[in-house]
Structures are given as C-alpha cells and as structure tokens.
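Keep in mind it's a predicted model, so treat the numbers as computed, not measured. The chains referred to below are lettered A, B, ... by the order of the sequence lines, with proteins before strands, and numbering in each begins at 1.
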Amino acid sequence: MNKKYDSIIIGGGHNGLICAAYLAKAGRKVLVLERRHVLGGAAVSEEMHPGFTFSVAAYVVSLFRPHIIRELELAKHGYEVIPMDCSFLPLPNGDSLARWADPQRTRREIARFSKKDSEVYPEFSRVMTHMGKLAKTVIDYPAPDITSINPKELANLFRLGKTFKDLGPELLHLNIKLITMSALDFLDLWFESETLKAPMSVSGIIGTFQGVRSPGTAYVLLHHYMGQLDGAFRSWGFSKGGTGGISMACARSAMSYGAEIRTEAPVKQVLIKNGKATGVVLENGDELNAKVVISNLDPNRTYLKMVGKEYLEDDILKEINRFKLRGSSGKVNLALDSVPEFSCRPGDGDHIRGDIAIAPSIDYLEKAFDQAKYGEFSTRPYINAVIPTLTDPSLAPPGKHILSCFVQYAPYHIKQGAENWPKYREAFGDAVVDTMAEYIPGLKDKILYRQVLTPWDIEQKMGLTEGNIFHGELSLEQLLFQRPIAGYSKYKTSIPKLWMCGSGTHPGGGIMGANGELCAKTILTSRAI
Amino acid sequence: MPIQTPFFPRTSALCNSMNWKEWAGYYAVSSYETLHDSEYFAFRYSAGLLDITPLYKYSVKGPDAAAFISRIVVKNINKLGIGRVSYCCWCTDDGKVIDDGTVMRRSEHEFFVTSAEPCYSWFSRFLRGYDVELKEISEQIAGLALQGPTSRDILKHVCDADLDDFKFFSTRLARADGYDIYVSRTGYTGDLGYEIWVENKHALKIWDAIISAGKNFDIRPAGLDALDVTRVEAGLILKDVDYYNALHALIEGRKSSPYEISLGWTVNLNRDPFNGQAALKTEKEKGSKWAIVGLDIDWPQIESLYNRHGLPPEIGNRAWRGSIPIYTGKDKKTQVGYATSGTWSPILKKNIAIATVEKKHDMIGNELQIEMTVEHKRYTVSAIVSKPQFFNPERKTSNPDSQKS
Ligand SMILES: Cc1cc2nc3c(=O)[nH]c(=O)nc-3n(C[C@H](O)[C@H](O)[C@H](O)COP(=O)(O)OP(=O)(O)OC[C@H]3O[C@@H](n4cnc5c(N)ncnc54)[C@H](O)[C@@H]3O)c2cc1C
C-alpha cells in the first residue's frame, strides 16, 4: 500500500506545484501534500461571500517567469494575466496623479507637479530597465556560491560579474547605490516632487519591516522593473480568476505530467532516519516514503516544525532563529454593491483599473512606519488597492465589485502580543476602511462583506510564519547565497534528502515560480532522484 | 477618400488615439487608445467590440442557391444545415485561391455570404442556369464582431436568442429591442465570440445596446491592431498578407491553392463540378509545393542576441506583416520559405509567426531558422514548426453545459 515516491512535496503553494510539474515532466513520481482544502498557498482564490471570489492574499502578478509559462504550457492550462494600465494616486486635497503605460500621457500628468520630473521620468525608466537585466541574471539562476571553487559555481559568478561589468561605470555605480541606499534617497537622485516620489518609494518597503528612509530599501524597488523585460511590456497584471488562477494552472500542468496532488493532507513532520529525510508523517498518522522530501514551507517552519530542533546543529539553529520574518502587512478585502468612485476623479474609468496607492506624502509614510516601530498598526496606513472586477468581471456578480486593500504597516508583533491580534482585527479593518473612505465618499454604504486579515491571520490561515508575505524579509543580508542561510542557498537543507522550494529560498518571494523551478532543476541536475 | 460606416458617430467619439486606417474603402479604427493592448486583452479576457462593416456582404436567394454557391466555393454547401455557417474559399479554374469567407445558411433557400474582396462580378459569372438572385448588400448591412469570454453574457442582454444552445459556426435570426438582427457564432479572434449583422438604420441602436449591456462585463471597443494579434495567435490567415488573390497576382508564383494555405480541410473534392475541381484533384494526388505553418521562434535565443548588444529584447507588441526569409540546413543558408505575419503573443509569452514553407519542411516539430535583424545586424534564430493555431481555448467551441463538466 505504501507506494514509494521519488519525491514528496510538502505544501501546494504555487512554488510547490511548479516544482512538482517540473519533476513530473522529467518522469519522476511526485506527490504534493497540501494542508488546506484549496491549492495555491498565498496565491489563492476563494469565494468568501456568495458570488464574490477574492484573491485572499496575493492580488497582482509581476515577476512570474515567462519561460515557466512556456516550459510548463501554462497558457493551455489556464494561465491568463492581463497587464494593468495605470498607477493611480488620489490625494487628500482633491488632486491626483495617474501614471499610464502611455508615456506622453504620463509626462503631462507628472508635469502638473514638476515639469523637470516629467522629463526625467523616462530616463529613470530606461536606467531601471538596464538594472532589471541584472536582476534577471540573478533571478533566473541558482544563487552563486561565492566560497566555492567548483568551475560551475565560478561560471555562475562570472555570469553575474559580466552582467555587472556590462552595465558600464555609470550604471555600475548606480547599482551599488541601489543596494545600499534607502528607496527615498535613491529617488531623490532623480526627482523633486513628493507627489511622485511617495508612491514610487513604497515599492521599496513592500513586505519589509522598514520605512522608505531605511537603507537597503532601494534594492527592492528594482523588483518592480523586472516584469517589463520579458516582452510583457508592462510590469504588473491581474490573473484571471484571481491569483489562485495561476496556482490552478500550475496544478493542472503538474497533473497533466502525472503528479499526484492531495489536499487536506497536513504534514506533521519529516521522517528522519540515520540523519536523512526518508518521507513524511501526516497529521493523521500516515507515513509516506520518498527518495527526497521537498518543503514548500518557509525556512522557519521547515527547520523548526517539519524537522525539529533535535536534528539541528547549533549553528544552523542560530541562523534560523536569526532569519528575519517580522510580518508587517495585512489585507482587507471588501465586497461592494457598486463601483467605488474617487472624489478627486469620479467615474469608473481606466484610472482605477490598475493599482491605487494611498501614499499622499513621504511624511504620511514615515508616520505610518513610526507607529509600527512602537508595536501598533498604522491608523492611517499605506494601502495598495485594486478593483480587480473592473478587469475580470467574473469575480463578482454583474455590477458588483471587489476592493482589495494590501495594507502596511500591520506589525506581527503588536505591543499587546501577536496572539492578541484577533481582539484588534476589527479595529484594524476600520482603520483601513476609514482611510479609504476619505477618498471614496459613500464607501461604507457600499460594503456587503468585509474580510480582514491581520498578520496573525495570515500565519494561522496560510501558514506563513509571523505573517511574512515573502517567507522571510527581502533584505540584503537575506538574499542570494544567504537565502535562507549561508551554505544552504541552493535548495538543500542541513538534512540530507530534504530540499526547499518556497519563497524563503533564492530568489525570494512573490508569485514568480522561480524557486519551485530552480529547486526542481537543481534536484534533477544533481541526480538526487 | 474612405467613407464612414454607420457606427462612425460612436467609433469616432471613442477613438482617443485618432489612429485610423483604411479598410475596404472605409475608415476603420486601428486602436482606440495610443496602445492597443488593453483592446487585445479585452478580446481574450472579457469582450471587445469591433466594427466589421467593411466586409463585403452578399445575399443569395432562390431554389438553386445552395447548388449555385457549391459551384463556386470549394465546399459542398448543399450539405450545410439550416442555421449553420461554413468557412471556405473559392478558386480559379486552375485551383488557385481568390478569397476566403463565410457562407451562412439562413433558411433552405437563403444564404448570406461575406468576403474580404469585392466578389460580385466573380460570383455573377456563374449565375447562368441557376434559379437564384444574387445581391450585393455590403452598403445596406452593418456588422459588429463581439468577441471574448464574456461576449455570450453580453449578447444575452441584447437579444432574445437562446445563446446557451448555440453551436460554434451557427447563425440565427434574433429580436433585439424592436428590430431584427442576425447573430452568428463566428469571428476572427479564435475565441468565444459572435458577429452581429443589422440593417444600417438600426446600427447605432445595436451598438448602444451592446455597449450598455457590456458595461458589467468589461466590454471595450477594439480596433484592428488588437484583432491582428489575436488572429495570428489563432492561426487565421489573411488575404493579401499571408496569400494573394489569384485574380490579382502579377506572377504565377504568387498564387496558392487551398492546400498550400492550410485550407485543404475546406475542400470537398468528390462531388458535382465546382471551380478548380480538376486542378485540385491533380494537386491532391501529386502533392502540393507549399504549406502554411506556424513558427514558434526561440525566445531565449532572441534574448541572448539582444543581450549581446547590451539591450533588452525589443520586440514591438504589434503584430507585423511582411516577408522574412526562412532557412534550413546546417549552414542556415538554404531558403525554404518566408514568414508573412507574426506577433509577440502576450498570452503564450511566445514570439510566433505564420509562414509559407516548402511542403517537405512542414512537419510539426521541425526546426527551421528565421532571419532576424538586431541592432542593424542580421542573424538567424531557430523556429520550431507547429500548427498555426497557437491558441485555441475550449470556450471557443463549448456551450455552458459542456463547459461545466
Ligand atoms: C497578504 C499577501 C499579499 C501578497 N501580495 C502579493 C502580490 O500582490 N504579488 C506577489 O507577487 N506576491 C504577493 N505576495 C507574496 C506571494 O504571495 C508569496 O511570496 C508566494 O505566493 C509564496 O508562494 P510559495 O509557493 O513559495 O509558498 P506558499 O504560498 O506560502 O505555499 C506554502 C503552502 O504550504 C502549505 N502548508 C503549510 N503548512 C503545511 C503542512 N504542515 N502540510 C502541508 N501543507 C502545508 C500552505 O497551506 C501553502 O499552501 C503576497 C503575500 C501575502 C501574504
């Protein structure tokens, strides 16, 4: 009865599913075990209110690797992403700024705030496109191991070095700045208008417990410019049917190659015999064996829950405890009776079909961060909102809409203690709705249903430790060959035969699929199975 | 100078980009906004509404109507059921394609034919001996294509037809708000979609009705630039781009048989005489010289070519038309054909093309080389032969019940 699998993957997040698809495509016998009744992990769609399908957590896509779409035939299996045309910034004084895909239209918008900035803007995009090329070299390959003298590693390192060198001195210099500067300082090199800088700078703080003035946040900015490189021509997009649509396309692809997927099959522990992983034990006590076990969970969960302290050497344990999770964001999803209209630009036009930022000034963002530093959620938070139903009407009944609000800061460690978050959940939800209602008069009367996810809820519901949306902060010391811990950046763990494929590995979080893909390819090329 | 279609008051008000082109003597919108891609995504994601009035339209009526059309086109229209639509082409005596279009059987003795070229004169050459009335109605009838996954839901709110039980390539009369329309489940996007035919005097009414019903289903007016991307993804060929009208071709080499332009499946050879029958029989036996194929052009190679010049890939997001040499062989110097149109497919993340290649190179999976100019320098990039139909969603042909199962 106990079939022997080549690999068992713990967790059916998009990375686990992609890893499964690649292994199954290569002819391996694969089993995916997902704790919940739905697949997708943080990239999940669920009907939370009759007729309303929410992208419960992740809501937009940018970094998904296009070669994965080709290699796993994801379009055939239902992968559909439509780019967003606009980034909209409503302002409290009744003004607003909309940045469009159409460069001339954007130039005129920005010129209302700064003529100089409007002309510098395309230059900035040009430079960031070049920088993005570098990031692509980083993302599409396993992290080079700088301590190794293995020729393959050196080749990897060389490729990285060459891309750096090809940037030329001017860009190289900028790149070094990019790595060490704060998002805001970096933008200051280019722009003068706060109205432009504020919404641009927030890309540097998404998912981190840092402010736009914190050093190192400039690097995260870069992630926003990478999607453009792949012939997609736009960075961000909506997935049809919500972000769960992507996960389901990955699942269908995996099954088409013969992978087996079980839901409601929580894993209790990794089975370890003679120091090696040999399979898993389910919560229901079943034991399943496999040649290798792959964890889609974050590093914390993988090492501390699935493996357990008793199997970890001291230095590994220390590293894992040092690994920063520090969730800092929450999510509020609203089902609405009609289109939310902004008082500064009424109507349901194209300006609200993309992302909508509540980031009216740098001070606003800093104040929001200040509260978080002292263990409170921001009463006037940074919000990245979208109305996906304007683009994908199938998500709600005709004429009804969804307003999805990604909210920062909502620190996991509130001063009352993380476990007390449930007591403050509704207050947090109210702060978000109050903030949005300042821009959308009548919002409160339109709300048919409200879902509030605090970082505590994200941890409980999605299994993301401390509610960190990226399985670990994307800060410089936790990237590349240091992700998740130095010496184990190549999807291996300190336990032989146990691998990792989730966002806590290189190249980091977000719906990009690279972690799952690179893990599978590393396993296959190293002939682990 | 081009003239206006009956929808012009609406299309011109919406065409922010002022980006028009001429189509069969009419003004036609290329794209409503500066960038056409939201219109493309409307076709693939929700619904796009396109003015297709410039198509040529004919009414063929009378007891011999089916026999008459069967005499002209390569398909046996006698067998076409009432309420069904046939896509086919028509040929010269030597079996070379003149044009392609749709034939819709509205009743036993009543047909509606669309074409890309004016064909009245060609059709009327064969009238003698048939009890039919052939009328060109191009300027009396306006047409709209409503295409995309939500098109069915929109159209349900506009007319009384039962669209849940309406097969791909069917047509029927329907009642809109006080006037009649013909609806056909046809289109040029390779997606779920409909074409709607209406008398000119009701044109604005139907436009307004569709746009207003479409509001809740994210409808967008769409232009020809968006259409062009979808038609290449769907592998649908275009006259004067992927092949020439045999009557207009200046040299023999520009003429093609249906077999050579991937329309062999529309030919019913063994039946009463029709134009080109003998020539097509011979070609069928002896084999054709050319074949239209799809090409999947290697994207990583393109990326690395651009990378060599320190550039990110610069592939326009518009579909292109032209003629690009296709090679084979180790030396990559033997030319075996040419690509005639292509596009970056945003949905497939692939660079694809429609090409004419020597028949012996048309096997699926075959690796050919396509010429590519990067930063003023010529290269070749490998391209894998595939079916021209790159994108073919189930919803194109399914009905709601069958979709669920
Ligand atoms: C609120 C929020 C908003 C976000 N917004 C965006 C966005 O807009 N765009 C973007 O690109 N990224 C976004 N992200 C980040 C992105 O969603 C994640 O980085 C990514 O989805 C993680 O994918 P994964 O496959 O690595 O892991 P996960 O999706 O976390 O998958 C892990 C899976 O393992 C399962 N699991 C856990 N424990 C067990 C067990 N014991 N046994 C079996 N299964 C188990 C979980 O249920 C889950 O399905 C967001 C994340 C959050 C939380």
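If you measure heavy-atom distances from A:L390 to chain B, the contacts under 4.5 Å come from the backbone alone. For B:I302, no part lies near chain A; criterion is any non-hydrogen pair under 4.5 Å.
In this structure B:S17 satisfies the side-chain hydrogen bond (donor to acceptor under 3.5 Å, both in side chains) test with no other residue, sequence neighbours excluded. A:W100 is linked by a side-chain hydrogen bond (donor to acceptor under 3.5 Å, both in side chains) to A:E109, counting only residues two or more places apart in sequence or in another chain.
Going from atom OG1 of A:T391 over to atom CZ of A:F238 covers 4.5 Å, rounded to the nearest 0.5 Å.
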task = Assess whether salt bridge (charged side-chain N to carboxylate O under 4.0 Å, His left out) is satisfied between B:K396 and B:E233, documenting all intermediate values.
result = CA-CA 13 Å; B:K396 177 179 88 178; B:E233 287 179 333; over 6 Å; no
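Ring planes of A:F64 and A:Y79: tilted class, angle from 30 to 60°.
A side-chain donor from one of B:S382 and B:Q301 sits under 3.5 Å from a side-chain acceptor of the other. There is a side-chain donor-acceptor pair under 3.5 Å between B:R185 and B:N399. For the residue pair A:S338/A:K446, the side-chain donor-acceptor check at 3.5 Å is satisfied. One side chain, B:T34 or A:D102, offers a donor N or O that lies under 3.5 Å from an acceptor on the other.
With contacts defined as side-chain heavy-atom distances shorter than 4.5 Å, the pair B:Y40/B:T230 qualifies.
In this structure, A:K240 is positioned above the aromatic face of B:Y45, its NZ or CZ under 6.0 Å from the six-membered ring centre and within 45° of the axis.
For chain B, the option among A:V81, A:V339, A:T389, A:D392 with the highest count of heavy-atom pairs below 4.5 Å is A:D392.
For residues 347-356 of chain A, a heavy-atom distance under 4.5 Å to chain B picks out A:D348, A:D350, A:R353, given by residue number. Within residues 218-229 of chain B, the residues approaching chain A closer than 4.5 Å by heavy atoms are, in numerical order, B:D218, B:R220.
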